[in-house]
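Start at 1 with the first residue, then count along the sequence. These numbers come from the heavy atoms of this one structure, side chains and all, not from hydrogens, waters or symmetry mates.
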Amino acid sequence: PTIATVNSHGKVSAKKPGQVEIYALNSDESVLAYCLLTVKPRLFCITWNVDNKLSTQLVYEYAELKPNITPEKTGYTFIGWEPELPETMPSENISFTAKWEVNKYSSQFNASGGFWENGYATKTVKTDYGKKIIAPENPSRNGYDFAGWDVEIPSAMPAKNLAFNATWVPRNDTKYTVNTYVMNPDSSYEYSSETKYGTTDQTVALKAPDKQNGFIFNESKSVLSGNIAGDGTLVLSVYIDRENVLSTPRFIDRKKQHQ
């Protein structure tokens with residue numbers, strides 16, 4: 001671009017910073033006068049508006065425009081200026097306003113031994129900064145009642161990721177099964193089943209049955225104790241054998257024996 005111009009009356013007008021040689025010529029185009037013109041740049045002011053906080057910066061016109069601040073705002077990402085920054089400083093004062101995009105943060109909900117209907121053990125909820133966190137429906141766990149989350153859910157999403165763990169209270173009506181096997185005369189067993197109830201994850205123990213006339217407790221086959229499983233799968237077994245089991249008679253062919 002032209003640094004300066006001269007009109008027919010000899011008036012010089014600066015156009016941009018720099019140096020330029022200006023000549024006055026005679027009618028025969030010989031040099032009548034000469035001067036070296038230096039045009040100095042002017043300072044103009046930029047006003048930066050970052051979340052309604054103002055700061056200023058002085059920049060020479062035509063100089064490369066580089067902001068002297070780094071915009072930051074909790075819970076937001078800086079995405080540029082409004083209006084868009086020119087490459088060089090214009091010959092006027094100008095203002096720019098920071099533009100933002102709200103951040104999303106994650107809240108991870110852990111079932112802590114439980115599950116949701118789809119079988120997942122965790123669920124993640126993404127929430128805009130400052131918005132209400134919508135927790136998922138309560139998870140389930142066999143043999144337990146849901147007792148809430150280990151930490152309180154804040155009223156608004158903070159500028160960080162969060163994690164919440166389910167807490168549980170064991171139920172006292174969790175079933176378990178006791179099977180009693182009584183030996184028949186032919187050494188087979190006939191059993192009866194009884195459903196009992198107790199507190200989840202507690203150890204339950206049966207008392208060994210007393211010896212009865214003709215019957216004896218078989219300790220090696222029996223299972224008298226165990227932890228009550230939340231899904232009700234604990235099975236205890238009591239085996240009662242006969243003291244004297246009749247054996248199948250063995251017949252001897254005496255004719256063959258004397259041969």
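- Just one residue in the list Leu37, Val39, Thr5, Val6 forms a side-chain contact (heavy atoms from CB on, under 4.5 Å) with Val20, and that residue is Leu37.
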Handout entry: Chi angles and distances behind the side-chain contact (heavy atoms from CB on, under 4.5 Å) call for Phe109, Ile153
Key = CA-CA 11 Å; Phe109 293 85; Ile153 299 175; 3.9 Å; yes

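- The closest side-chain donor-acceptor pair between Tyr144 and Asn142, if any, does not fall under 3.5 angstrom.
- Judged as a side chain to side chain donor-acceptor pair (under 3.5 Å), the pairs with a partner in residues 153-169 (not counting sequence neighbours) are, in order, Asn110-Asn165, Asp150-Asn165.
- Residues passing the salt bridge (Lys or Arg N to Asp or Glu O under 4.0 Å) test with Glu190, sequence neighbours excluded: none.
- Through direct or relayed side-chain contacts under 4.5 Å between Ile, Leu, Val, Met, Phe, Trp and Tyr, Phe215 connects to Tyr176, Val178, Val182, Val204, Leu206, Phe217, Val223, Leu224, Ile228, Leu234, Leu236, Val238, Ile240.
- Between Tyr76 and Val102, the closest heavy-atom pair is CD2-CA, 3.5 Å.
- The two residues Pro71 and Ala98 come nearest to each other via the heavy atoms CB-CB, 4.4 Å.
- In this structure the side chain of Pro139 reaches within 4.5 angstrom of the side chain of Phe146, judged on heavy atoms.
- Looking at Trp48 and Gln57, their side chains come closer than 4.5 Å, going by heavy atoms from C-beta outward.
- Remark: Asp128 engages Lys104 in a salt bridge (Lys or Arg N to Asp or Glu O under 4.0 Å) (not counting sequence neighbours).
- Contact annotation: the side chain of Tyr23 approaches that of Glu21 to within less than 4.5 Å [non-hydrogen atoms, C-beta and beyond].
- Two residues are said to be in side-chain contact when any heavy atoms from C-beta on lie closer than 4.5 Å; Ile22 and Leu36 fail this criterion.
- The two atoms that bring Ala163 and Val151 nearest to each other are O-CG2, 3.9 Å, heavy atoms only.
- With values rounded to the nearest 0.5 angstrom, Lys175 atom NZ is found 12.5 Å from Thr200 atom OG1.
- Contact annotation: the side chain of Tyr60 never approaches that of Phe44 to less than 4.5 Å [non-hydrogen atoms, C-beta and beyond].
- The shortest heavy-atom contact between Val125 and Pro136 is CG2-CD, 4.1 Å.
- Within the structure, the salt bridge (Lys or Arg N to Asp or Glu O under 4.0 Å) test picks out no pair touching residues 88-98 (sequence neighbours left out).
- Summarising the local packing, CD of Gln108 is surrounded by more than 12 heavy atoms from other residues, nucleotides or ligands at distances under 6.0 Å.
- A donor-acceptor pair under 3.5 Å is absent between the side-chain atoms of Thr199 and the main chain of Asn172, judged by distance alone.
- Listed by first and then second residue, the side chain to side chain donor-acceptor pair (under 3.5 Å) pairs that reach into residues 208-217 are Lys211-Glu243, sequence neighbours excluded.
- No side-chain donor-acceptor contact under 3.5 Å links Asn179 and Ser237.
- Under the 3.5 Å distance criterion, with hydrogens and angles disregarded, a donor-acceptor pair is assigned to the side chains of Gln19 and Thr38.
- Among residues two or more places apart in sequence or in another chain, the salt bridge (Lys or Arg N to Asp or Glu O under 4.0 Å) test is passed with Arg141 by none.
- Contact annotation: the side chain of Asn218 approaches that of Tyr189 to within less than 4.5 Å [non-hydrogen atoms, C-beta and beyond].
- The shortest side-chain heavy-atom distance between Val12 and Asn7 does not fall under the 4.5 Å cut-off.
- No single ILVMFWY cluster, assembled from side-chain heavy atoms under 4.5 Å apart, contains both Leu58 and Ile69.
- Applying the side chain to side chain donor-acceptor pair (under 3.5 Å) test to every pair with at least one member in residues 111-127, sequence neighbours left out, gives these pairs: Lys123-Glu137.
- Think of Leu54 as one node in a network of Ile, Leu, Val, Met, Phe, Trp and Tyr side chains linked at under 4.5 Å; it has no links at all.
- With sequence neighbours left out, Asp145 forms a salt bridge (Lys or Arg N to Asp or Glu O under 4.0 Å) with Arg171.
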Problem - side-chain contact (heavy atoms from CB on, under 4.5 Å) evaluation trace for Ser107 with Met157 - result: CA-CA 9 Å; Ser107 298; Met157 189 73 209; 3.8 Å; yes

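- Of all heavy-atom pairs spanning Pro86 and Phe96, the tightest one is CD-CZ, 3.8 Å.
- Counting heavy atoms from C-beta on, the side chains of Leu162 and Ser106 never come closer than 4.5 Å.
- Cluster annotation: Val59 and Trp81 are assigned to the same hydrophobic cluster (Ile/Leu/Val/Met/Phe/Trp/Tyr, side-chain heavy-atom contacts under 4.5 Å, transitive).
- Looking at every heavy atom in both residues, Pro154 comes nearest to Phe164 through CD-CZ, 4.0 Å.
- Not one N or O on the side chain of Ser188 forms a donor-acceptor pair closer than 3.5 Å with the backbone of Asn184.
- Each salt bridge (Lys or Arg N to Asp or Glu O under 4.0 Å) pair with one or both residues in residues 218-230, not counting sequence neighbours, would appear here, but there are none.
- With hydrophobic clusters built from ILVMFWY side chains whose heavy atoms lie under 4.5 angstrom apart, Met183 shares a cluster with Tyr191.
- Residue Trp100 is grouped with residue Tyr105 when hydrophobic side chains (ILVMFWY) are merged at heavy-atom distances under 4.5 angstrom, including chains of intermediate members.
- Within the structure, salt bridge (Lys or Arg N to Asp or Glu O under 4.0 Å) contacts touching residues 42-60 (residues at least two apart or in different chains) are Arg42-Glu61, Asp51-Lys73.
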